Structures are given as structure tokens and as C-alpha cells.
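Everything quoted here is computed from the prediction, not taken from an experiment. Note that ligands are numbered from 1 as they come in the structure, with each ligand's atoms numbered from 1 the same way.
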Amino acid sequence: MKHCAIVGINWGDEGKGRMVDLLTRDYDVVVRYQGGGNAGHTVVNERGKFALHLLPSGIFRDGVVNILGNGVALDPENLWKEMQDVAAQGVALTPENLKISERASLLMPWHRDLDALEEQRLADKKYGSTKQGIAPFYSDKYQKKTVLAGELFHPEALRAHLRDLMEWKDLTLTRVYGAAPYAMETLEAWLADYADKIKPYVCDTSAFLRQAQKEDKNILFEAQLGALRDLDFGIYPYTTSSNTTAAYAPIGAGLPSLRLTDVVGVVKAYSTCVGEGPFVCEMFGEEAERLREAGAEYGAKTGRPRRVGPIDLVATRYGVEVQGATVLALTKLDVLGYMEKIPVCARYRVNGTETDRFPFPTELETAEPVIEYMPGWGCDLSGVRRWADLPAAAQAYVRRIEEAVGCPIGYVSVGPERDSIILR
Ligand code: GDP
């Protein structure tokens with residue numbers, strides 16, 4: 001029996017989607033436990049190429065039950081759109097293979113509006129939000145001012161609840177931001193429409209998971225973003241508004257008493273970062289452009305060019321520690337094939353002193369990278385499937401990373417397809 005979380009070690013976009021898609025063959029249940037439509041997982045398999053935002057990546061495997069746990073930001077509008085998209089590509093979604101927690105809170109249209117209004121107010125001090133409403137959503141959840149999916153089964157009580165929430169929300173919209181208030185009828189119609197669509201999937205997923213646990217089922221917990229975006233342990237305030245760490249999986253999934261047996265940490269062979277905030281190892285100019293092009297580093301959700309840099313061993317070791325990773329998957333090693341020598345951010349220089357400690361966010365603003373170079377392998381790795389067939393320079397690069405971060409690399413990914421993987 002395995003209870004495994006698959007998590008990002010860095011800033012997100014490490015290639016978790018392709019790793020979850022690969023690992024789901026060994027699992028009976030896949031659960032998304034935090035975040036919402038603000039990040040995208042890209043999965044390429046025999047059915048095509050899919051950009052998933054909310055749906056668990058197990059939906060492509062027959063017999064896998066997929067769950068959206070209580071910890072996710074359940075945006076019914078985006079979820080429904082995504083469900084339609086994958087259905088159009090031939091993936092059957094039913095209440096048997098997709099279940100939504102009755103305790104998941106709904107992300108409402110005003111969350112997206114408030115997200116955009118706040119970024120606008122912040123102007124050049126903006127956080128770089130994806131404007132999917134995530135920060136206002138989680139703020140409201142902690143203020144106990146959200147609608148739970150289970151309330152959709154109680155329309156009368158829900159109407160009264162919605163009216164109370166809107167009275168309060170309209171105050172913020174109109175008096176803080178000078179925006180227009182919502183018309184109650186519009187919101188009621190919006191909610192009724194999506195309620196009809198998603199209600200068949202809503203149930204007591206915690207009870208389902210407890211039963212699965214009793215039956216010794218293998219359960220995979222799928223995280224979004226990475227350790228450096230975790231609300232409590234990431235580069236605050238340039239974090240997301242939920243916990244992206246493996247430790248949150250039992251709570252956000254709905255099995256609070258669970259102890260994970262494995263944590264697979266996904267690390268990219270170089271660094272990328274979307275949005276604002278300190279990014280110590282950042283490359284600029286032509287060097288950055290070349291890497292961005294080679295790795296196709298543009299946001300899955302927004303299309304924004306990602307900031308890029310060499311692998312950051314300081315941040316990666318911190319990410320491994322925060323996640324409690326038991327094994328790592330190194331992705332996109334193939335992308336570095338064009339480099340003659342491979343830069344590595346080995347340490348930071350903070351206030352004139354070299355350190356391998358990951359600093360407090362304020363200190364991070366002034367940290368500088370200490371770059372070292374390793375020999376490149378100068379060839380295409382995308383066809384390699386065995387560790388022994390990797391060029392010596394590529395093996396040395398992988399070993400250098402695992403030694404520096406203190407965790408074995410069990411998987412090396414050399415392409416986006418399901419089988420483009422080296423198992424060690
Ligand atoms: P996630 O949010 O962590 O799942 O990351 P993304 O969905 O942004 O995935 C990264 C992108 O890289 C996707 O387009 C993947 O198809 C692609 N990808 C994943 N692994 C590899 C790899 O090993 N090599 C290459 N070339 N592309 C990969």
C-alpha cells in the first residue's frame with residue numbers, strides 16, 4: 001500500500017503533470033489537494049496533449065478514481081470548461097471516476113474581480129498574480145465566508161447564505177475599489193447553472209478515501225506549484241495562498257490522519273519562475289532567450305514568458321527539505337543538450353559571504369548567485385531510455401545535483417511523452 005505525494009521542489013512548472021501521468025499506472029486514486037485554476041499541468045499521452053488546471057492527472061487512466069479535495073479552490077466555471085475540453089478529446093468523465101469534495105469551497109466570480117482590482121491597485125508593486133482569484137478566495141475561506149460545494153444540495157439555505165456573503169463583498173467592491181456591485185439575480189443564475197452541472201460529482205470524498213485506505217488502495221496526492229511558492233515556507237509574499245507542501249496533502253485531500261509513505265519531488269534540470277519576486281539565479285539577455293526557447297518556457301495558463309536560470313542548488317536543497325522528498329524526478333534534462341558548458345548556481349553570496357543556506361525572503365532580495373560550470377554533453381538525449389546510455393557528462397550533472405540536495409534522483413525525464421523517462 002502506497003500513499004504518495006507528488007510535489008514541486010522549486011517555483012512550479014517542474015513537469016509534475018507528466019510525472020503524475022506516468023505514476024498513475026500504479027495508483028487507484030489520484031487526489032488534488034490544494035490550489036485551483038492558477039497553474040497548469042501539461043500531460044502528453046497517447047490521447048493527445050492536455051493542459052489541466054483543476055482536474056487530477058489520473059483522469060487519463062481507466063479505473064483510476066480522481067478526487068478534488070476540500071483544500072482546492074473549486075472554480076465551477078473553469079472546472080466545467082476543462083471537463084468539456086477533455087471530454088471533447090475523448091476522455092470520459094463520470095461520477096465514478098471524478099469526485100468533488102462536498103467540503104471544497106467555491107471560487108466565485110468576485111474572487112477573480114478582486115484579484116484583478118488588487119493587482120491594479122498595487123501597480124508596480126504587484127505580486128504577479130495569475131488573476132484567477134486564488135488570493136481573495138483563500139482569504140475568504142479563512143474568514144469563513146465561502147460557499148461549500150455541499151451547500152448546492154440545499155438551495156434555500158444557499159440563497160440566504162449567498163445574500164449575506166454578497167452584502168459583505170459588495171462593500172469591498174464598491175467602497176474599497178470603487179467597482180460596481182453584483183446583481184443578486186445574476187449571481188444566483190450563475191450558481192444555479194453550475195450547480196446543475198457539477199452536483200452529480202459532489203459527494204463525501206473523505207468517506208470514500210477512508211474506505212479506500214481500509215481496502216489498501218494506493219493513493220497519489222497531486223500538488224500544484226512548488227515548495228518556494230508555499231504560503232508558509234516559500235518566498236513570502238511572492239507565494240501562492242495555499243500550502244504546496246506534501247505535509248498539507250492529508251488535510252487538503254480529506255484524510256487528516258494519514259501518514260504519507262513516499263514523497264516524489266519534481267525538479268527541473270534548470271530554473272524557471274513565473275511572476276515577481278527574488279529569483280537569485282536569473283539569467284538575462286541572449287543566454288536567457290536561448291534557454292527559454294529550448295525549454296518552451298511560456299506559462300501554460302497565461303502564455304507569459306517565464307524567467308529562466310541555471311539550476312539553483314541552494315533553493316533546490318531547501319525545497320527538498322521542506323517537502324521531505326524521499327526520491328526526486330529530474331525533468332527536462334534533454335533541454336540542456338545545446339549547451340557547451342552547463343551553469344550551476346552552487347551557492348549564494350549574501351552580504352559578501354558565500355553560503356549554501358536558503359535565506360529569509362528579505363535577505364534573498366540582495367543575494368547573488370555563485371555560478372560554477374560543468375561540461376555539457378552536446379547531444380540529443382530525447383531517445384535515451386537507460387541510465388547506462390546517458391553520456392558521462394549528463395550522468396555527472398545528475399550526480400552533482402543529488403549530492404548537493406541530499407536526495408536520490410530516481411527518475412530522469414528526457415521528453416514530454418509518457419515513455420521519455422529513464423528509471424534508475
Ligand atoms: P507542471 O505544472 O509542473 O506540471 O509543469 P508544466 O505543465 O508547465 O510542465 C512543463 C512542460 O514541460 C510541459 O509542457 C511538459 O510537457 C514539458 N515537459 C515535461 N517533462 C519534460 C521533459 O523531460 N523534457 C521536455 N522537453 N519537456 C518536458
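Taking the six-membered ring for Trp and thresholds of 30 and 60 degrees, Tyr318 and Phe358 have nearly parallel ring planes, at less than 30 degrees apart. Between Phe221 and Tyr33, the ring planes are perpendicular. Angles over 60° get that label, and only those under 30° would be called parallel.
Closest heavy-atom approach to atom 10 (C) of ligand 1 within the set Ala51, Ala269, Gly15, Ala294: this belongs to Gly15.
Residue Val43 does not touch ligand 1, judged by heavy-atom distances below 4.0 Å. Residue Lys332 touches ligand 1 through backbone and side chain together, judged by heavy-atom distances below 4.0 Å. Under 4.0 Å from ligand 1, the heavy atoms of Asp334 that appear belong solely to its side chain.
Looking at ligand 1, you won't find any N or O of Leu333 less than 3.5 Å from one of its N or O atoms. Residue Lys16 places at least one N or O, backbone or side chain, under 3.5 Å from an N or O of ligand 1. Ligand 1 has no N or O atom lying under 3.5 Å from any N or O atom of Gly12, backbone or side chain.
Here Glu222 does not pair with Arg32 in a salt bridge; the nearest charged N to carboxylate O distance is not below 4.0 Å.
Within the listing of ligand 1, atoms 1 (P), 2 (O), 3 (O), 5 (O), 8 (O) sit less than 4.0 angstrom from a heavy atom of Asp13. The contact set between ligand 1 and Arg18, taken as ligand atoms under 4.0 Å from a residue heavy atom, comprises 19 (C), 20 (N). When each atom of ligand 1 is checked for a heavy atom of Ser413 under 4.0 Å away, the hits are 20 (N), 21 (C), 22 (C), 23 (O). Every atom of ligand 1 with a heavy atom of Glu14 under 4.0 Å away is listed here by number and element: 3 (O), 5 (O). Less than 4.0 angstrom separates some heavy atom of Val414 from each of these atoms of ligand 1: 23 (O), 24 (N). With ligand atoms numbered from 1 in the order given, ligand 1 contributes 8 (O) to contacts under 4.0 Å with heavy atoms of Arg306.
The shortest heavy-atom contact between Ile6 and Lys16 is CD1-O, 4.4 Å. When every heavy atom of Tyr338 is checked against every heavy atom of Glu287, the shortest pair comes out as OH-O, 4.5 Å.
Assignment of Gly415 to the shell around ligand 1 is supported, since a heavy atom sits closer than 4.0 Å.
The six-membered or imidazole ring of Phe50 lies near that of Phe60, with a centre-to-centre distance under 6.0 Å.
More than 12 heavy atoms of other residues, nucleotides or ligands shown are found within 6.0 angstrom of CD on Glu46.
The residue from Ile371, Ile311, Asp312, Ile401 that alone fulfils the side-chain contact (heavy atoms from CB on, under 4.5 Å) condition with Val344 is Ile311.
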Trace of the side chain to side chain donor-acceptor pair (under 3.5 Å) decision for Glu96 with Tyr201: CA-CA 8 Å; Glu96 274 64 55; Tyr201 302 89; over 6 Å; no
